[in-house]
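Only a predicted model underlies this, so the values are computations on that prediction, with no experimental measurement involved. Position 1 is the first residue of the sequence, and the numbers go up from there.
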Amino acid sequence: MTRLTRAVRGLVTALAAVLAVTAGSATARAETGPRAPKDFVALRTVDPTILQEMRYFTPHNFVGERIDGYDQPICILTRQAAEALHKAQLKLLRRGYTLKVYDCYRPQRAVNHFVRWAEDLDDQAMKGEFYPNVDKTRLFEDGYIAEKSGHSRGSTMDLTIVRLPARPTRPYHPGEPLVPCYAPKDERFPDNSVDMGTGFDCFDTLAHTLDPRVQGVQRANRLLLKSTLEGLGFVNLAEEWWHYTYKPEPYPDTYFDFPVSRKSLAGGR
């Protein structure tokens with residue numbers, strides 16, 4: 001073997017080693033992906049009694065398909081928000097109710113999915129239920145869709161109240177007839193929630209928490225949720241009766257993008 005051949009072979013061997021290390025590092029990064037800070041938890045580890053109906057893991061939402069980033073149907077929150085929610089649950093349990101969450105932490109990739117859907121004016125498959133009176137061209141202007149969401153900061157959740165004993169909610173079957181989200185409770189898609197006047201994610205002014213047209217039992221139910229949560233540091237979004245943020249937020253300016261998955265959490269829980 002010539003000196004030149006040995007040199008070339010040595011160079012090839014070294015290059016192969018570098019490539020192997022680089023590929024291994026890339027694989028490790030791909031397997032790991034973005035992870036949550038250590039103070040993010042699965043709500044179930046703080047309070048297993050709170051019901052979870054994670055809508056964006058299912059096709060029963062305004063897009064009509066599972067949303068990007070929802071790898072598992074679990075609620076993830078900052079520990080501070082989860083512990084405050086546990087205190088609210090204790091208050092409601094004593095009155096014969098339980099909380100139910102529809103959405104909690106939401107990765108930025110899910111928000112991006114919403115934006116892509118909103119920009120596709122031809123996709124109006126779920127209009128009949130979630131935005132029957134809203135022209136899709138106005139979703140950004142009217143504030144129903146935005147490029148950033150407080151959910152991505154980890155201390156915001158969408159939730160409701162269910163009277164105990166809780167009855168199961170039947171699954172949504174894609175393609176089934178849609179009923180407007182503001183229809184009477186016994187006509188719209190079944191939900192074991194108390195009657196809040198509209199369904200969850202209803203793009204309509206009737207979903208405004210204190211809309212004067214919502215009275216009687218429906219208003220009382222909204223106020224029960226509002227008073228219970230606000231007494232423990234939560235702030236309601238006035239345009240959505242289901243939307244609350246725990247204050248002060250530990251990450252008020254950070255929008256996370258780790259997947260909704262136990263693997264994203266410290267210890268994989």
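To the nearest 0.5 Å, the span separating OG1 on T45 from CZ on R262 amounts to 10.5 Å. Taking OG1 of T205 as the reference point, atom CD of E239 lies at 10.5 Å (rounded to 0.5 Å). One distance of note links CD of Q108 with OG of S152; it measures 5.0 Å at 0.5 Å rounding.
Here the side chain of S227 pairs a donor or acceptor atom with the backbone of L223 at under 3.5 angstrom. Between the H113 side chain and the D68 main chain, a donor and an acceptor come within less than 3.5 Å of each other. Side chain of D142 to backbone of Y144: no donor-acceptor contact under 3.5 angstrom is found. No donor-acceptor distance shorter than 3.5 angstrom exists from the side chain of R222 to the backbone of L210, with no hydrogens or angles considered. Judged by distance alone, with hydrogens and angles left aside, the side-chain atoms of N61 form a donor-acceptor pair with the main-chain N or O of E65 at under 3.5 Å. Looking only at distances, a side-chain donor or acceptor of Q52 sits under 3.5 Å from a matching main-chain atom of C75. Between the side chain of S261 and the backbone N or O of D71 there is no donor-acceptor pair closer than 3.5 Å. Checking side-chain atoms of H151 against main-chain N and O of C104 turns up a donor-acceptor pair under 3.5 Å. Using a distance-only test at 3.5 Å, with no hydrogens or angles considered, a donor-acceptor pair links the side chain of K185 to the main chain of S193. D158 places no side-chain N or O within 3.5 Å of a backbone atom of V101 that could act as its donor or acceptor partner.
For the pair E176 and R170, the salt-bridge criterion is met [side-chain N within less than 4.0 Å of a carboxylate O]. With respect to the salt-bridge test (charged N to carboxylate O, under 4.0 angstrom), the residues R109 and D257 qualify. Taking the charged nitrogens against the carboxylate oxygens, R55 and E53 do have a contact shorter than 4.0 Å, which makes a salt bridge. In this structure, E119 does not pair ionically with R116, as no charged nitrogen and carboxylate oxygen lie closer than 4.0 Å. A salt bridge does not link D123 to K136: none of the charged nitrogens lies less than 4.0 Å from a carboxylate oxygen. Between R163 and D195, no side-chain nitrogen of the basic residue sits less than 4.0 Å from a carboxylate oxygen of the acidic one, so the salt-bridge criterion is not met.
Linking ILVMFWY side-chain heavy atoms closer than 4.5 Å, directly or via other members, places L237 and F114 in two distinct hydrophobic clusters. No single ILVMFWY cluster, assembled from side-chain heavy atoms under 4.5 Å apart, contains both M196 and V214. Using a 4.5 Å cut-off between side-chain heavy atoms of Ile, Leu, Val, Met, Phe, Trp and Tyr, with links allowed through other members, L77 and L232 fall into the same hydrophobic cluster. A continuous path of ILVMFWY side-chain contacts below 4.5 Å connects V134 to F200, so both sit in one hydrophobic cluster. Note: the hydrophobic cluster containing L43 also contains M54 (ILVMFWY, side chain heavy atoms under 4.5 Å, direct or indirect links).
Heavy-atom contacts from other residues, nucleotides or ligands closer than 6.0 Å to CZ of R167 number 12 or fewer. Applying the 6.0 Å contact sphere to CD of E230 captures more than 12 heavy atoms from other residues, nucleotides or ligands. Heavy-atom neighbours of K91 NZ from other residues, nucleotides or ligands within 6.0 Å: at or below the threshold of 12.
Judged by distance alone, the side chains of E240 and T209 never bring a donor and an acceptor atom under 3.5 Å apart. A side-chain donor-acceptor contact under 3.5 Å links T78 and S155. Side-chain N/O atoms of T137 and D135 include a donor and acceptor closer than 3.5 Å.
When each of Y131, F130, Y56, F140 is tested with W117 by the rule ring pair (Phe, Tyr, Trp, His ring centres under 6.0 Å), just one qualifies, namely Y131.
Here the side chains of L224 and L92 are in contact, with some heavy-atom distance below 4.5 Å. At least one side-chain heavy atom of Y244 sits under 4.5 Å from a side-chain heavy atom of L159. Between K100 and T169, the closest side-chain pair of non-hydrogen atoms falls below 4.5 Å. In this structure the side chain of W242 reaches within 4.5 angstrom of the side chain of D201, judged on heavy atoms. Between F234 and M157 there is a side-chain heavy-atom pair separated by less than 4.5 Å. Residues T198 and D204 fail the side-chain proximity criterion, which asks for heavy atoms closer than 4.5 Å.
Geometrically, R153 does not engage Y251 in a cation-pi contact, judged by NZ or CZ lying under 6.0 Å from the ring centre and within 45° of the ring axis.
The aromatic rings of Y172 and H60 lie parallel to each other, their planes meeting at an angle below 30°, with 60° marking the opposite boundary. Using a 30° and 60° split on the angle between ring planes, F258 and Y105 fall in the parallel class, below 30°.
Contacts of Y246 classified as side chain to side chain donor-acceptor pair (under 3.5 Å), with partners at least two apart in sequence or in another chain: none. Residues that satisfy the ring-ring contact (aromatic ring centres under 6.0 Å, His included) test with Y182, not counting sequence neighbours, are absent from this structure.
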Which donor-acceptor pairs under 3.5 Å do the side chains of residues 80-87 make with protein atoms, sequence neighbours left out?
| unit_1 | atom_1 | unit_2 | atom_2 | d |
| --- | --- | --- | --- | --- |
| H86 | ND1 | D47 | OD2 | 2.7 |

